[in-house]
Every structure is written in C-alpha cells, then in structure tokens.
2 protein chains.
Amino acid sequence: MSGEATKGRSGRGRASARLTMQDIARLADVSTPTVSRVLNGSPLVTEETRERVLEVARAHGYAVNRNAQKLRHARTNTVAVMLDFGSHRHGAIGDPFVFELLAGVSEALSVRNQDLLLSPPGLDDVRAFRDFHRARGADGFIVLGQGTRDEMLRSLGKHDIPLVVWGAVSSDAGYCAVGSDNLGGGRLAGEHFVSNRRKRWLFVGDIRHEELRLRYEGLKLAAQGARNVAIDLLPIASMAFTVTAETVASYLAGVAPPDAVFAFSDTAAMAVIGAFRDRGLIAPRDYSLVGYNNIPPSAHFHPAITTIDQKTDVAGALLVEKLMEQIEGDRPASVVLPTRMVRRET
Amino acid sequence: MSGEATKGRSGRGRASARLTMQDIARLADVSTPTVSRVLNGSPLVTEETRERVLEVARAHGYAVNRNAQKLRHARTNTVAVMLDFGSHRHGAIGDPFVFELLAGVSEALSVRNQDLLLSPPGLDDVRAFRDFHRARGADGFIVLGQGTRDEMLRSLGKHDIPLVVWGAVSSDAGYCAVGSDNLGGGRLAGEHFVSNRRKRWLFVGDIRHEELRLRYEGLKLAAQGARNVAIDLLPIASMAFTVTAETVASYLAGVAPPDAVFAFSDTAAMAVIGAFRDRGLIAPRDYSLVGYNNIPPSAHFHPAITTIDQKTDVAGALLVEKLMEQIEGDRPASVVLPTRMVRRET
DNA sequence: AGTCGCCTTGAAAAGCATTTCATAATTGCG
DNA sequence: CGCAATTATGAAATGCTTTTCAAGGCGACT
C-alpha cells in the first residue's frame with residue numbers, strides 16, 4: 001500500500017546495505033572468487049591479496065549474504081529448534097528448565113556458526129515437518145520436550161530427516177534422543193520415601209508423557225524393591241500436564257491423604273505444598289515430597305523442596321553434537337544423562 | 001572428510017529432497033514462472049493450469065526453497081530475536097517471564113508467516129549487530145530485555161535498522177520500545193507499603209537496568225506522596241541482577257532490618273523471604289513484600305507473594321506489529337502497557 | 001635451456017525462485 | 001473476415017555466492 005517512502009530514495013544510508021561481493025572485488029581489484037576464498041579462509045590466496053581484500057571488506061563493513069550462501073550450499077547451516085510453547089502458555093512447564101536447555105543449545109550452535117531458527121508453533125504432523133525441512137529452512141531439528149508427540153517423532157525418524165529430541169530415551173524409538181535418567185530419577189525419589197518410612201505414595205503427573213511415565217516406573221521399581229514393607233502406590237492423579245493447587249485439592253478431597261508425593265516438576269511440587277497446607281498437612285511432618293528439575297526458587301521455598309537435578313549444563317552441547325553427526329550422515333546413539341537428588345527439607 | 005555415505009547414492013529417499021521448481025514445471029508440463037505464479041496465488045493463471053500444478057506439487061510434496069526466495073527478494077521475512085541468556089544462565093532472570101514473551105512473539109510472527117531467527121549470544125556492540133543485519137539474516141530485530149545495553153541500543157536506533165525493544169520506555173531513547181509501566185508498578189508497590197504503615201523501605205535490584213530504575217523511581221514517588229509519614233528509603237542493595245538468598249542475608253547482616261521490601265522479580269522475592277526467615281522475620285507480620293511478574297509459583301509460596309502483574313499476553317503481538325511498521329518504513333511510537341497489583345498475603 | 005609442475009587467479013556455471021519482457025493464443029469489435 | 005486488445009504463458013535476466021575448470025606465471029629439475 002505505502003512502500004514509496006523507502007523506494008524512492010536510493011542515495012541515503014540504504015545504498016550501503018546493498019554492498020555485494022562484486023563491489024568488494026572491484027574495489028580490491030580482484031575477482032569475486034578470490035574475495036570468496038579470502039572470506040572463507042581458503043589457503044589458495046597470497047598473503048598480500050588476502051590482506052588487501054580483508055582491508056577493503058572491513059573498511060566498507062561488508063558482510064556476506066547468508067542467504068546466497070545457503071542457496072549455493074546443500075547445507076543451510078541452520079537448525080530448527082522446536083519448543084513446547086503450547087503447554088507452556090497454559091502455565092504448564094513454567095520451570096525455567098526448558099529455557100536453560102534453549103540457552104545451552106543456542107550457545108552450542110553459535111560456536112559452530114549455525115543459525116538457530118525457532119520453528120513455528122503448530123508443526124504437529126509429519127507432513128508439516130517435512131515441508132519445513134524441504135523448504136530448506138533447516139538442515140535438522142532439535143525438539144525440546146517430546147510431549148505427547150512420541151508417535152509423530154517416531155515416524156519422523158524414518159523420514160531421513162536429522163533429528164534429536166530432548167526427552168525420554170527408549171531403545172526402540174527409532175530416533176536419536178538425549179535425556180536425563182528419568183527412571184533413575186524416579187527411583188531416587190522412591191528411595192527417599194523408603195528411607196523416610198512412607199507407605200502411601202502418590203505420583204503427580206500425566207504419564208502419557210513418556211518422560212513422566214519413566215519416572216513413574218522408577219518410582220514403582222523402588223516400591224517393589226523395598227524390603228519388609230508393603231508400599232501402597234496410589235492411583236495416579238492422571239491430570240493434565242498443567243497442575244494447579246486446585247487440581248491437587250480436588251483430588252485430595254476424595255481420599256485419605258498420601259504420606260509421600262512425587263511431583264513431576266518443582267512448580268507442580270509448589271502447587272502440591274499449597275494444596276496440602278490447606279488441608280492442614282505440612283511437609284516433612286506429615287508427608288515427604290520430591291520435585292523435579294531443581295529450579296532456583298525450590299531452595300527458598302518453605303519448606304525447601306527436595307528435588308531431582310538434571311545435568312542441563314552439558315545438555316545443549318550434546319544435543320547439538322548429536323544433530324551434527326546426523327547431518328554428516330552418521331547415526332549416533334541416544335544418550336542418558338545422570339540425575340542426582342538434592343535433599344532438602346521435604 | 002567422510003561425505004561419501006550420502007553423496008554416492010542418489011536413488012534413495014534423498015533424491016526426492018532435491019525436488020526443484022523446474023521439476024514440478026516439467027511434470028505439470030508448464031514453465032517455472034507459471035509454477036511460481038500458481039504457488040504465490042497470482043491471478044494471471046488459468047484455473048485449469050492452477051489446479052494441475054497444485055496437484056503435481058502436492059503429489060510430490062514439493063515445498064518452495066525459502067532461501068532462494070529470500071535471495072531474490074529484498075525482504076527476508078525473517079526476524080531476529082535477541083534474548084538475554086547471558087544473565088539467565090547465572091540464575092538471574094529465572095522467571096518464566098521472558099519465556100512467555102518469546103512464546104507471544106513466536107506466535108505473532110508465525111501468523112504473519114515470518115521466520116524467527118534466534119540471534120546468537122554475544123551481539124554486544126553496534127558493529128556485530130550491523131554485520132548481522134547486513135548479512136540479511138533478518139529484516140529487523142526484537143530485543144527482549146534491554147538489560148544494561150541501553151546505550152548500544154540508542155546508537156543502533158540511528159542506524160536505520162528496524163528494531164523494537166521490550167523494556168523501559170523513555171521518550172528520548174531514539175528507538176521504539178514496548179514495555180510495561182514500570183514507574184506505575186513501582187508506585188503501586190509503594191502505595192501498598194503506605195497502606196500497611198511501613199516506614200523503612202528497601203528496594204532490591206540493580207538500577208543500572210533502566211526498567212528497574214524506573215520501578216525504583218516509582219517507589220520513591222510513592223514515598224514522597226505519603227501524607228503525614230516520613231518514609232525511610234534505605235540505600236539500595238545495588239546488587240547484580242542475580243539475587244540469591246546469600247546476597248540478601250549478607251546485606252541484612254549490617255543493618256537494622258527494613259519493614260518493607262520491593263523486589264525486582266518474584267524469584268528475587270522468594271530469595272528475600274528465605275533470607276528474612278533465617279533472621280526470624282516473617283511476612284506479613286514483620287514486613288511487607290512486593291515482587292514483580294506474577295509467576296505461577298508466587299501464588300503457592302508460603303506466604304503467598306503480593307506482586308505486580310504485567311500484561312504479557314498482548315506484548316508479543318504488539319512487539320511484532322511495531323516492528324512490521326518499521327520495516328514498512330514507518331516510525332511507530334513506543335507503547336506503555338498497564339500494570340496491576342495482585343495482592344496476596346505479603 | 002627446456003619442460004614439468006605448482007601456485008595464484010579469473011571466467012563461467014550452478015544453485016533456485018521471481019520478475020520483466022516478449023510472444024502466442026484468444027476474444028471482441030467493426 | 002480482419003485488426004486491435006486482452007489474456008495466458010514462456011524465455012531470459014536477476015539476486016549473490018561458491019565451485020569447477022582452465023589459464024597464466026613462476027621456479028625447479030634434468
């Protein structure tokens with residue numbers, strides 16, 4: 001509609017933005033290929049030429065057009081990262097956890113000089129994914145949080161698209177995954193309960209999420225492994241990924257309260273504490289509680305929350321590394337990162 | 001080095017990924033321009049041709065190569081988003097707040113069919129910024145959190161690069177900003193203290209951050225506006241953006257404790273509660289406390305934290321809208337979004 | 001001294017889609 | 001029925017960089 005304001009003039013500051021490799025070549029009195037070689041650090045150039053070209057390029061603030069580069073190469077040097085905003089928007093993830101993961105990935109990619117394209121929301125089926133990939137928007141995908149999309153990811157794995165997923169690691173998934181030891185994490189929580197002589201355990205979380213299912217399995221393992229005690233593993237409060245104090249409260253309304261709760265996240269654990277307090281139940285007096293992710297506020301919470309800590313510091317770099325291997329044509333194995341328990345008041 | 005694994009074969013699934021517009025043209029028995037026109041919804045094509053082309057394209061799962069598109073057009077339809085990971089990694093931001101902002105931006109961009117490029121960390125000076133822009137990685141920038149980079153952003157504003165910043169809005173900044181009413185938020189906190197008859201106020205936060213400085217100013221305004229009371233505004237604990245229970249504790253060690261604390265974030269508020277509790281001080285009995293951002297756990301905290309709520313739901317869309325206007329050549333005005341106080345136990 | 005081979009450089013093609021301009025086909029009108 | 005005016009389509013140029021291939025210049029070796 002408008003579009004005249006900028007089009008008309010060409011003598012302003014805009015002109016400099018149009019600088020191309022040819023311009024640099026002309027100014028340095030060489031050909032474009034030579035400029036290209038210099039800028040890419042090729043050894044096939046005289047030191048003297050190199051310096052001249054670099055000098056000109058710097059003086060004019062020239063930067064290579066990445067899009068032309070991407071077009072020329074088969075590789076785009078771009079990685080699409082998919083976040084689970086969907087559930088986050090509803091207050092679900094809440095933890096800065098995914099954010100930390102993203103920071104790690106961003107850093108690792110930048111080191112390797114890869115662009116990070118945040119994939120649009122709504123890439124929910126294989127078709128949308130493939131289109132996105134074919135449009136060469138990206139060489140590969142990093143999916144942060146598999147959510148309930150496991151099936152989609154599995155069929156994606158067959159499509160020859162480089163893909164790494166943060167989440168549950170299962171041997172038969174058919175795609176490369178990096179994740180923490182959810183089973184082990186769950187077991188740690190259970191062992192904590194055992195050592196506190198708790199007998200009525202409750203798991204809070206939606207086990208349709210593969211990661212959470214594994215944590216639950218770990219918890220069960222611990223229950224079965226307990227000697228001389230019969231553990232009562234209460235039916236799961238199979239609530240959505242979203243956990244609020246209200247949902248917990250309404251669950252509590254019907255039953256005799258548990259004496260141990262394993263919440264799928266620290267944020268959920270906080271909600272649990274609130275709901276239990278309303279019923280007059282205080283941790284650790286009346287029940288034990290273990291959260292997950294070890295987010296900073298958990299340490300300051302009252303009571304301070306015992307939680308499972310995942311090694312997120314290396315996660316980003318690892319995800320990127322695995323993806324790069326795939327892009328090179330390899331088929332790297334999945335990785336399970338260790339977890340540990342941070343024992344606090346609950 | 002390797003590179004043979006994929007290169008050699010061409011009969012596998014790879015071949016289909018190489019599908020180009022020419023292929024579609026040949027298959028549909030038309031020319032490339034026609035395919036292009038069809039795919040871009042140009043009216044210059046017969047209905048019959050259109051259908052044939054679309055049919056072929058769909059059948060073969062063809063998707064336009066965005067990089068070629070970007071190269072051809074002056075606009076890349078890509079927006080770079082800059083996050084303040086730096087401080088986050090040190091446990092600083094912590095709040096899911098920035099994350100929410102990002103989600104909003106992502107959604108708004110996807111609606112407008114714009115790619116979201118997460119800009120690499122370390123874009124700290126004007127030069128790096130400009131290079132990034134010139135490389136045509138992006139048509140414009142959205143900066144989430146101005147941090148202490150205000151000066152850099154100002155000089156950037158003069159460089160003819162479309163830019164919108166989430167953060168403090170000041171009339172002389174020279175760049176377009178969208179942010180919440182930090183001054184008003186600070187005043188709300190102060191008024192809360194006044195109504196609770198608190199007299200020794202402490203602000204926790206690093207006022208080198210423009211946003212935080214404004215909140216502090218708002219607090220001061222409320223102090224000055226109080227009738228019949230002399231408010232004692234304690235020297236700021238001018239700690240880094242990172243606030244831990246330890247920093248608060250060491251600050252407390254030297255002075256008579258305040259009876260009101262305004263923390264720059266809910267996460268910081270939680271740290272404050274922890275440190276005060278260690279000194280035997282309980283809110284709201286011994287002091288009032290107001291946080292910022294209204295993150296979910298604040299409601300479940302014990303005591304439940306009174307906080308300032310920002311309208312993040314519209315923020316993302318607004319940021320994108322302002323940026324688009326700039327890319328079109330306009331110079332949109334900055335916007336201040338309203339804040340409100342969520343009064344809870346503290 | 002002559003030939004071979006290496007090193008540096010440039011011309012041209014390729015990578016994929018869009019846009020301009022020209023052409024062929026069709027319609028409308030006198 | 002012939003000419004002008006549309007309309008649908010294609011050829012060629014364009015955007016910017018990288019890669020291949022060829023050529024020219026130089027020293028080294030026999």
Do A:Gln114 and A:Met324 come within less than 4.5 Å of each other through their side chains, counting heavy atoms only?
-> yes
First-last contacting nucleotides on DNA chain D - partner chain B, under 4.0 angstrom, heavy atom = D:dA8 to D:dC16
When every non-hydrogen atom of B:Arg127 is compared with those of A:Gly61, the smallest separation belongs to NH2-CA, 4.1 Å
When the C1' atoms of the five terminal pairs at each end define the local axes, what inter-axis angle does the helix from C:dA1-D:dT30 to C:dG30-D:dC1 show, to 10 degrees?
-> 50°
Residues in contact with DNA chain D, drawn from residues 61-72 of chain A - heavy-atom cutoff 4.0 Å | A:Tyr62, A:Val64, A:Asn65, A:Ala68, A:Gln69, A:Arg72
Just jot down the side-chain contact (heavy atoms from CB on, under 4.5 Å) partners of B:Asp23, sequence neighbours excluded, or say none.
-> B:Leu19, B:Thr20, B:Arg26
C:dT19 OP1/OP2 closer than 4.0 Å to side-chain N/O of B:His73 | yes
Qualifying residues under ring-ring contact (aromatic ring centres under 6.0 Å, His included), relative to B:Phe129, sequence neighbours excluded | B:Phe141
Take atom CZ of A:Arg75 and atom C1' of C:dC16, then tell me their distance rounded to the nearest Å.
-> 19 Å
Mind running a 4.0 Å heavy-atom check of residues 52-59 of chain A against DNA chain C and sending the residues that fall below it, in number order?
-> none
Any side-chain heavy-atom pair from B:Ser36 and B:Asn40 closer than 4.5 angstrom?
-> yes
Listed by chain and number, what are the side-chain contact (heavy atoms from CB on, under 4.5 Å) partners of A:Asp29, not counting sequence neighbours?
-> A:Arg52
Would you say B:Ile142 and B:Val79 make side-chain contact, with heavy atoms under 4.5 Å?
-> yes
Between B:Leu27 and B:Tyr62, is any pair of side-chain heavy atoms under 4.5 Å apart?
-> no
Partner residues of B:Arg331 under the side-chain contact (heavy atoms from CB on, under 4.5 Å) criterion, sequence neighbours left out | none
Residues which pass side-chain contact (heavy atoms from CB on, under 4.5 Å) with A:Leu337, listed by chain and number, not counting sequence neighbours | A:Trp166, A:Val178, A:Val314, A:Ala315, A:Leu318, A:Val335
Any idea which heavy atoms bring B:Ala63 and A:Ala135 closest together, and the distance?
-> CB-N, 4.1 Å
Using the 3.5 Å cut-off, write out each protein N or O paired with an N or O of nucleotides 10-12 of chain C and the distance between them.
{"residue": "C:dG10", "atom": "OP2", "partner": "A:Ser31", "partner atom": "N", "Å": "3.0"}
{"residue": "C:dG10", "atom": "OP2", "partner": "A:Ser31", "partner atom": "OG", "Å": "2.9"}
{"residue": "C:dG10", "atom": "OP2", "partner": "A:Thr34", "partner atom": "OG1", "Å": "2.7"}
{"residue": "C:dG10", "atom": "N7", "partner": "A:Arg37", "partner atom": "NH2", "Å": "2.9"}

If you look only at pairs with a residue in residues 109-123 of chain A, which of them pass as a salt bridge (charged side-chain N to carboxylate O under 4.0 Å, His left out), with sequence neighbours excluded?
-> A:Arg66-A:Asp115, A:Lys70-A:Asp115
Identify every side-chain donor-acceptor pair in residues 42-51 of chain B under 3.5 Å, counting partners at least two apart or on other chains, and give the distances.
{"residue": "B:Ser42", "atom": "OG", "partner": "B:Leu44", "partner atom": "N", "Å": "3.1"}
{"residue": "B:Arg50", "atom": "NH2", "partner": "B:Ser42", "partner atom": "O", "Å": "3.0"}

Think A:Thr49 has a side-chain N or O under 4.0 angstrom from the OP1 or OP2 of C:dT8?
-> no
Heavy atoms, side chains only, cut-off 4.5 Å: are A:Leu319 and A:Leu144 in contact?
-> yes
For B:Val45 and for A:Val35, locate the closest nucleotide of DNA chain D by heavy-atom distance; then report the residue assigned to the nucleotide nearer the 5' terminus.
-> B:Val45
How long is the line joining CD of B:Gln22 and P of C:dG15, in whole Å?
-> 10 Å
Provide the closest heavy-atom pair for A:Arg75 versus A:Glu328 in the form atom of the first, atom of the second, distance.
-> NH1-OE2, 3.2 Å
